[in-house]
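To keep things clear, I will list the structure first and then write my remarks on it.
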Amino acid sequence: MICFVTEQASPRISDLARADNGRVQTPDYLSGLNPEQREAVETTEGPVLVLAGAGTGKTRVLTTRLAHILATGRARPWEMLVVTFTNKAAREMRERISHLIGPDAEGLRWLGTFHSVAAQILRRHAELVGLQSSFTILDTDDQERLLKQLLEAANIDTKKHTPKSLAGAIDQWKNRGWTPEKLPPGEDFAEGKGQKLYAAYQNRLRTLNACDFGDLLLHNLTILSQNADIAEEYRRRFKYILVDEYQDTNVAQYLWLRLLTSSSGNVCCVGDDDQSIYGWRGAEVDNILRFERDFPGAKVIRLEQNYRSTAHILGAAGALIAANKERLGKQLWTEDDSGDKVRVRGFWDGDAEARMIAEEIEDARRRGIAYKDIAVLVRASFQMRAFEERFVMLAIPYKVIGGPRFFERAEIRDAHAYIRLIQSEADDLAFERIVNVPKRGVGDTSVSKILHMGRENGVSAMQIVRHLMTSDELPGRTRTPLTNFVRDLDRWRDLLKTGTPHWQVMETVLDESGYTDMQKADKTSGQTRLDNLKELVQSMQQFDTLQSYLEHVSLVMDLERNAEEESSSGSVQIMTLHGAKGLEFPLVFLPGWEEGVFPSQRSIDEKGIKGLEEERRLAYVGVTRAKRDARISFAANRMVYGRWQTQMPSRFVDELPIEHVEPQSDTGYYSPTPAQRPQSRWDDKPFAGSSHDTPGWKRAQASSNKAIYGDTGFGANLHGGNASARNTYAPARKAIVEGKARVIAPAPKPSGDWSRGDRVFHQKFGYGLVTAIEGNKLVVDFEKAGEKKVIDSFVEKS
DNA sequence: AATTCCTCCATTTTT
DNA sequence: TGGAGGAATT
């Protein structure tokens, strides 16, 4: 097990360096590294690509390398450019580094996310792209409202072309480094209006002295590529460049890095092509795949010894990812050959799956595993509810990771809008957000009139309001509240100017504007919101100036993360596979491995083989999160969007090698009467006669399908006679499509088949009598389970 | 301005 | 199925 050389135990690197007249000979911090890790740390000159597999000590290598460069005097802290993707990663790295090198870590000014570093550079040269250095960074909400206005101004149907989809398109364009002028002809939005809209949007941003997240990088590209002297200055400044999660870089980030990398190229990129799961938001795996071409003479170091998981888990994950064609290739290994095989289990339906997972969690708990050490990882968030419901029922503490963020809550945004408008009258988006919050009697009509006039005349909304106060273009009932509004704003601004701390101004504003009262009046969630606002005021106190606070919230939106992580220490974690990246848990449940769900049908439809491979990488990420136990499951039937659907197990299930997997059967998955059940891969003696290279599942599927449909009666009409022909060796793809079309619940079978008083048998509840019929649902009074509502196709007459 | 009614639509998410 | 957002209604 790797223990990070840290804290009190290890001597400070600055001391180490001094100890031997500045010459460091195999200092302690290098001693625990394996040969590859050590090579990655010590190869300081020239381009290096570290291909770090899951759980191979990537973070340790990264921080040690950084410390090593500083300790050996190769660079001063401010000569290092260190970029990460998330604030969390940046924060963790800074913490670790400061343990190693002490106060010197303060000097790491250029350690941060791509966006925060780019923002720093942009502030210094903003005027070169037509901005003032005090520019504000738009959040997605503001962005969408702005785009909506533009779409409406261009007479585009906002139903057909939503602001959101335009925001998405622009985001993708910016990810590729395209300014409006450089937009390729093929790229478009709303029948030829794409480029115009994009240009109009950029203009509008400039007027508002604002930029969006994409601009932080895009403007950097413009500045650096058009000003050779500035680019050269930065290239000289950054003696060493370190990039984490390189597989996640998009084109814009890639170009930006290249502009900052000098020809000597002391650049070290760390990543894992097998964990590239953000292609859909612009990440280019290609960046990592072609590193050696980009940097001739680059050294590629593979970290393959895994310190996280057991051999079975790695074996299963390794075989899975081996099915991908587009990869550089790594073979993870471990010295830990203890532990159980990966369990794979098929269930009759989603309920059974959730029930069993909950039971297994309770069981694990009894064996002494803490809730916080257990995770349920799903492909998409709609799969979470089933588990939440089950966990609530059994009082299993759980935490859903990845809900709405603190700064994205409406009340926080409202508060920010107030303070922004006080700070800068030109902030039309802030104005629009809160002129009538709380209700002041300024309706939508007046607001859009004001905004429109502002845009017509090229002035801010507030200027228009000041003008309207002295004219009679607005009725008195609108004019009075607006006058009061302006008066209030002026008063608050004076407070700020006369040196009242910004957080106190915030408090005053919330109280005097009536916002607090408005929330007090809300019985349902008012209290929560007030609590959030209190927290907001508190967090503002940590900043000296309003400016620095606002900068912080727009770039570092992770206030809640800390609180969340602490409070969740005693809970089972439910999260998406994407959200689980970089984390590890002793026990991991991976439910929902079904064709169409995982791999997601949409990914395959939209991106073909590339999409599928990304899904497979996601599966790989999921399995490798587990330290001791991974439990994969799938359900034959699932309620999706209110309809029962039947699906095949995921092809990924098939790709798991038998030697690392322990299949388990669940009787519910098969025909109700065990005697009629054919032998299959998932039967009591699973994998009987089938080995890794046998397409075992497909064969088994043919027979078990027959069992399901034949015996329970549903589906027989839907499939007609060709059920068996389809299943044999048909490509899985085809099966999915048909599987999707297979709607079970509203079977064409006339519901009149049932009548009150019928005696029926249900797989789970046993025998009972039908007491009512509601369409395809039956209310049955079961002898053992009591009264339940069930879908008719789930029971049979007895 | 508030309420209810209706229709539409359902990955993954960071900055 | 359920929730969100828009339209229609009071």
Side-chain angles (χ1 to χ4, degrees), chain A residues 83-90 112-119 122 137-141 143-144 148 158-160 162-165 167-168 171-172 174-175 211-218 245 248-250 252-253 276-283 350 377-386 389 401-405 407-408 436-445 477 521 551-558 561 575-582 592 596-607 611 614-615 617-619 621-622 638-645 745 777 791:
Chain A
V83 276
T84 61
F85 272 79
T86 61
N87 285 302
K88 195 180 164 200
T113 60
F114 273 92
H115 292 267
S116 69
V117 175
L122 183 56
I137 301 165
L138 239 60
D139 64 24
T140 41
D141 198 70
Q143 189 191 15
E144 275 172 32
K148 190 170 183 205
T158 51
K159 278 237 178 69
K160 209 166 142 207
T162 62
K164 218 187 176 117
S165 56
D171 203 49
Q172 291 290 329
K174 289 186 175 177
N175 281 340
C211 65
D212 62 18
F213 285 110
D215 281 342
L216 294 175
L217 281 152
L218 202 59
E245 307 281 12
D248 287 337
T249 44
N250 61 36
Q253 288 159 338
S276 164
I277 53 174
Y278 286 108
W280 51 275
R281 70 178 202 214
L377 309 181
V378 296
R379 172 67 245 265
S381 40
F382 69 79
Q383 296 170 275
M384 292 177 175
R385 203 199 308 166
E389 281 171 3
I401 309 293
R405 286 155 194 289
F407 290 112
E408 279 165 11
N436 204 29
V437 180
K439 299 263 182 291
R440 300 193 165 81
V442 185
D444 290 349
T445 334
R477 66 189 146 85
E551 169 98 24
H552 181 83
V553 291
S554 48
L555 285 171
V556 192
M557 291 203 166
D558 62 348
R561 275 284 163 92
M575 62 180 101
T576 62
L577 288 159
H578 284 93
K581 193 175 162 198
V597 179
F598 189 39
S600 146
Q601 188 57 50
R602 217 164 136 176
S603 279
I604 298 174
D605 288 347
E606 287 171 8
K607 295 256 182 111
E614 183 154 315
E615 295 284 307
R617 291 193 290 268
L618 204 46
V621 167
R638 202 177 278 282
M639 177 83 104
V640 184
Y641 305 139
R643 310 211 159 265
W644 280 99
Q645 271 187 220
K777 292 196 194 90
I791 308 272

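Side chains included, hydrogens not; waters and symmetry mates left out as well; all remaining heavy atoms used. Within every chain, numbering begins at 1; the chains are lettered A, B, ... in the order of the sequence lines, protein sequences first and strands thereafter. Given the structure is predicted, the values throughout are model-derived calculations rather than measurements.
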Inset, instruction - Pick the P atom in dG2(C) and in dT13(B), then give their distance to the nearest Å. - result: 22 Å

Inset, instruction - Send over the distance from R643(A) CZ to dT1(C) C1', rounded to a whole Å. - result: 10 Å

Legend entry - dT14(B) phosphate, OP1 or OP2, under 4.0 Å from N87(A) side-chain N/O: no

Inset, instruction - Using the six-membered ring for Trp and the full ring for Phe, Tyr or His, decide whether Y641(A) stacks on the six-membered base ring of dA10(B) (centres under 5.5 Å, planes under 30°). - result: yes

Inset, instruction - Specify the separation, in whole Å, of atom CD of E408(A) and atom P of dT15(B). - result: 10 Å

Inset, instruction - Establish, yes or no, whether the cationic atom of R405(A) lies under 6.0 Å from the six-membered ring centre of F407(A) and within 45° of the ring axis. - result: no

Inset, instruction - Looking only at side-chain atoms of R602(A), point me to the closest of dA7(C), dA10(B), dT1(C). - result: dA10(B)

Legend entry - Nucleotide of dA7(C), dT13(B), dT11(B) approaching K159(A) most closely (side-chain heavy atoms): dA7(C)

Legend entry - Proximal nucleotide (of dT15(B), dT11(B), dA1(B)) relative to the T140(A) side chain: dT15(B)

Inset, instruction - Would you indicate which nucleotide in dT15(B), dT13(B), dA2(B) comes nearest to any side-chain atom of Y278(A)? - result: dT13(B)

Legend entry - Close side-chain approach of Q253(A) and L217(A), heavy atoms under 4.5 Å: yes

Inset, instruction - For dT12(B), measure the glycosidic angle (O4'-C1'-N9-C4 for a purine, O4'-C1'-N1-C2 for a pyrimidine) and name it syn if it falls within 90° of 0, otherwise anti. - result: anti

Inset, instruction - Could you tell me the separation between the NE2 atom of H578(A) and the P atom of dT13(B), rounded to a whole number of Å? - result: 7 Å

Legend entry - Check: L555(A) and I137(A) side chains under 4.5 Å, non-hydrogen atoms: yes

Inset, instruction - Please state whether the rings of F213(A) and H115(A) are parallel, tilted or perpendicular, taking 30° and 60° as the class boundaries. - result: perpendicular

Inset, instruction - Please state the P separation for the pair dG5(C) and dT12(B) - nearest whole angstrom. - result: 16 Å

Inset, instruction - Take T86(A) and G441(A), find for each the nucleotide of DNA chain B with the closest heavy atom, and name the residue whose nucleotide sits nearer the 5' end. - result: G441(A)

Inset, instruction - Report yes if a donor N or O on one partner sits less than 3.5 Å from an acceptor N or O on the other, where the partners are the side chain of S603(A) and the base of dT11(B); otherwise report no. - result: yes

Legend entry - Exam field: side chain E245(A) to backbone T84(A), donor-acceptor pair closer than 3.5 Å: no

Legend entry - Nucleotide dT14(B), atom C1' - distance to CG of D139(A) in whole Å: 14 Å

Inset, instruction - Take the angle between the ring planes of W280(A) and H578(A) and call it parallel below 30°, perpendicular above 60°, tilted in between. - result: perpendicular

Inset, instruction - Using whole Å, report how far CD of E144(A) lies from P of dT13(B). - result: 16 Å

Inset, instruction - Could you work out which one of dT15(B), dT11(B), dT13(B) sits closest to the side chain of L555(A)? - result: dT15(B)

Inset, instruction - Using a 4.0 Å heavy-atom cut-off across all strands, classify E615(A) as base, sugar-phosphate, or nothing. - result: base

Inset, instruction - Give R385(A) one of three labels, base, sugar-phosphate or nothing, depending on what nucleic acid heavy atoms sit under 4.0 Å from its own. - result: sugar-phosphate

Legend entry - Separation of atom CE in M575(A) from atom C1' in dT13(B), rounded to whole Å: 14 Å

Inset, instruction - Nearest whole angstrom, please: distance from the P of dT13(B) to the NZ of K164(A). - result: 13 Å

Inset, instruction - Have a look at S600(A) and say if it touches a base, only the backbone sugar-phosphate, or nothing, with a 4.0 Å heavy-atom cut-off. - result: base

Inset, instruction - Please work out if F85(A) contacts a base, only the sugar-phosphate, or nothing of the nucleic acid, heavy-atom cut-off 4.0 Å. - result: sugar-phosphate

Inset, instruction - Establish, with yes or no, whether the OP1 or OP2 oxygen of dT14(B) is under 4.0 angstrom from a side-chain nitrogen or oxygen of R405(A). - result: yes

Inset, instruction - Using atom CD1 of I401(A) as one end and atom P of dT13(B) as the other, report the distance to the nearest whole Å. - result: 12 Å

Legend entry - Sub-4.5 Å side-chain heavy-atom contact between K581(A) and D248(A): yes

Legend entry - Euclidean distance for C1', dT14(B) against dG3(C) (whole angstrom): 24 Å

Inset, instruction - Check whether any side-chain nitrogen or oxygen of S381(A) sits under 4.0 Å from OP1 or OP2 of dT12(B), and answer yes or no. - result: yes

